[in-house]
Amino acid sequence: MKRRFLLSVAVIFAMGALGQFRQGLYGAPAANTPQGQQTQQARGAQQASPTVASVVDRDVRAIEKQVVDAAEAMPEDKFNFSPESLNIPGADYKGVRTFAAQVKHIAASNYFIWSPITGDKVPENIKDGNGPAELKSKAEIIKFLKESFALGHKAAATLTAENMLQNPGNSKSTRLRLASFGVAHAYDHYGQMVEYLRMNGIVPPASRGSGG
């Protein structure tokens with residue numbers, strides 16, 4: 001048994017040595033071969049070190065997809081739905097936001113949270129966390145939502161290891177705190193959007209194909 005084990009180890013080392021010998025003899029795999037392409041991709045991944053900006057931007061992109069997909073999944077005629085309309089016995093849903101209001105609140109908050117980082121002014125039609133009152137249709141609201149996340153990507157792109165702990169403008173929070181809080185806040189309301197979809201018999205896009 002011991003001899004077999006030693007023989008197996010010897011074979012493994014011999015194969016490794018042979019591979020190194022062949023690479024040294026014939027050079028690295030050509031770039032136009034599948035093996036060469038995989039090698040280049042692996043090297044590229046090692047060389048592309050993450051930055052503060054890239055990490056935060058990835059988080060912004062992740063919640064953006066979740067929220068936008070959920071908003072697009074709700075039919076136009078259900079955009080003004082709120083649990084209050086279900087009249088569930090014992091439930092206190094009086095005065096809660098409608099689905100449309102949830103989406104507009106995320107978008108408006110994105111502007112308030114991320115604009116100090118970029119230095120952009122909050123659009124004049126955004127007076128508070130409810131968003132512009134004139135936006136009524138599903139298309140208008142989703143456009144507003146996507147534009148707010150574009151500001152999030154812009155904010156993430158400004159972050160560096162040198163400035164991430166600075167307080168932009170008159171803010172009491174650091175740039176990194178504001179950037180990450182925008183993501184966390186959106187996730188909070190995304191959870192409510194998911195419940196609204198479920199109440200209307202709609203499986204959230206992120207849950208489709210995974211057992212619902």
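Throughout, residue positions are numbered sequentially from 1 according to the sequence presented. What you see is a predicted model, and the numbers here were worked out from it, not measured in a lab.
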Measuring from L159:CG to I117:CD1, what's the distance to the nearest 0.5 Å? 6.0 Å
Is the distance from the ring center of F99 to that of F81 below 6.0 Å? no
Do I106 and M193 come within less than 4.5 Å of each other through their side chains, counting heavy atoms only? yes
Measure the NZ-CZ distance between K65 and R61 for me, rounded to the nearest 0.5 Å. 11.5 Å
Any link between F181 and V183 through a network of hydrophobic side chains (Ile, Leu, Val, Met, Phe, Trp, Tyr) touching at under 4.5 Å? yes
Got a donor-acceptor contact below 3.5 angstrom from the S180 side chain to the L176 backbone? yes
S82 OG to Q192 CD distance, which is reported to the nearest 0.5 Å: 11.5 Å
Measure the shortest side-chain to side-chain distance between I142 and V103 over non-hydrogen atoms and say whether it is less than 4.5 angstrom. no
Under 3.5 Å: donor-acceptor pair, side chain of N163, backbone of T160: yes
Hydrophobic clusters here meaning ILVMFWY residues chained together by side-chain heavy-atom distances under 4.5 Å, can you tell me if L197 and V68 are in one? yes
Regarding D57 and S54, is there a side-chain donor-to-acceptor distance under 3.5 Å anywhere? no
When you look at R97 and H189, which way does the side chain to side chain contact (heavy atoms under 4.5 Å, CB included) test go after all the steps? CA-CA 10 Å; R97 290 188 176 98; H189 290 277; 3.7 Å; yes
Working note: E64 + S148, criterion side chain to side chain contact (heavy atoms under 4.5 Å, CB included); need CA distance, chi angles, decisive distance, verdict. CA-CA 10 Å; E64 176 184 17; S148 75; over 6 Å; no
Keeping the roles fixed (side chain from K138, backbone from E72), state whether a donor-acceptor pair exists under 3.5 Å. yes
For residues E84 and G95, report the shortest heavy-atom separation together with the two atoms involved. OE1-N, 3.1 Å
Linking I/L/V/M/F/W/Y whenever their side-chain heavy atoms sit closer than 4.5 Å, directly or via other members, would V122 and V60 fall into one cluster? yes
Rounded to the nearest 0.5 Å, what separates atom NE2 in H153 from atom OG1 in T158? 13.5 Å
Would you mind checking if K143 and E147 are paired as a salt bridge, meaning a charged N to carboxylate O distance below 4.0 Å? yes
Measuring only between side-chain heavy atoms, which start at C-beta, is T174 closer than 4.5 Å to Q166? no
Is there a side-chain contact between F79 and T98 (heavy atoms, below 4.5 Å)? no
Heavy-atom donor-acceptor pair, D120 side chain to P116 backbone, under 3.5 Å: no
Is a side-chain N or O of D69 found less than 3.5 angstrom from the main chain of P205, in a donor-acceptor match? no
So does I202 get a backbone contact from the side chain of N200, meaning a donor-acceptor N/O pair under 3.5 Å? no
Check whether any side-chain heavy atom of Y187 lies under 4.5 Å from a side-chain heavy atom of V67, and answer yes or no. no
Is the number of heavy atoms from other residues, nucleotides or ligands under 6.0 Å of E134 CD greater than 12? yes
For A70 versus Y190, what's the shortest heavy-atom pair and its separation? CB-CE1, 3.9 Å
Full working for side chain to side chain contact (heavy atoms under 4.5 Å, CB included) between L145 and I141: CA-CA 6 Å; L145 178 66; I141 294 172; 5.6 Å; no
Determine whether F149 and W114 make a side-chain contact, defined as any pair of heavy atoms from C-beta on separated by less than 4.5 Å. yes
Indicate yes or no: does E140 engage K104 in a salt bridge with an N to O separation below 4.0 Å. no
Decide yes or no on salt bridge (charged side-chain N to carboxylate O under 4.0 Å, His left out) for R175 and E162, but give the supporting numbers first. CA-CA 11 Å; R175 294 175 181 275; E162 291 73 29; over 6 Å; no
What verdict does the side chain to side chain contact (heavy atoms under 4.5 Å, CB included) test give for Y93 and L86, after you've listed the backbone C-alpha separation in whole Å, the side-chain angles of each residue and the deciding distance to 0.1 Å? CA-CA 9 Å; Y93 287 117; L86 299 178; over 6 Å; no
Is it the case that the side chain of S115 and the backbone of Y111 share a donor-acceptor pair, with hydrogens and angles ignored and the cut-off at 3.5 Å? yes
To check you understand the geometry: which heavy-atom pair defines the closest contact between F112 and G129, and what is its length? CE1-N, 4.2 Å
On a heavy-atom basis, the closest approach of D128 and A108 is O-CB, 3.7 Å
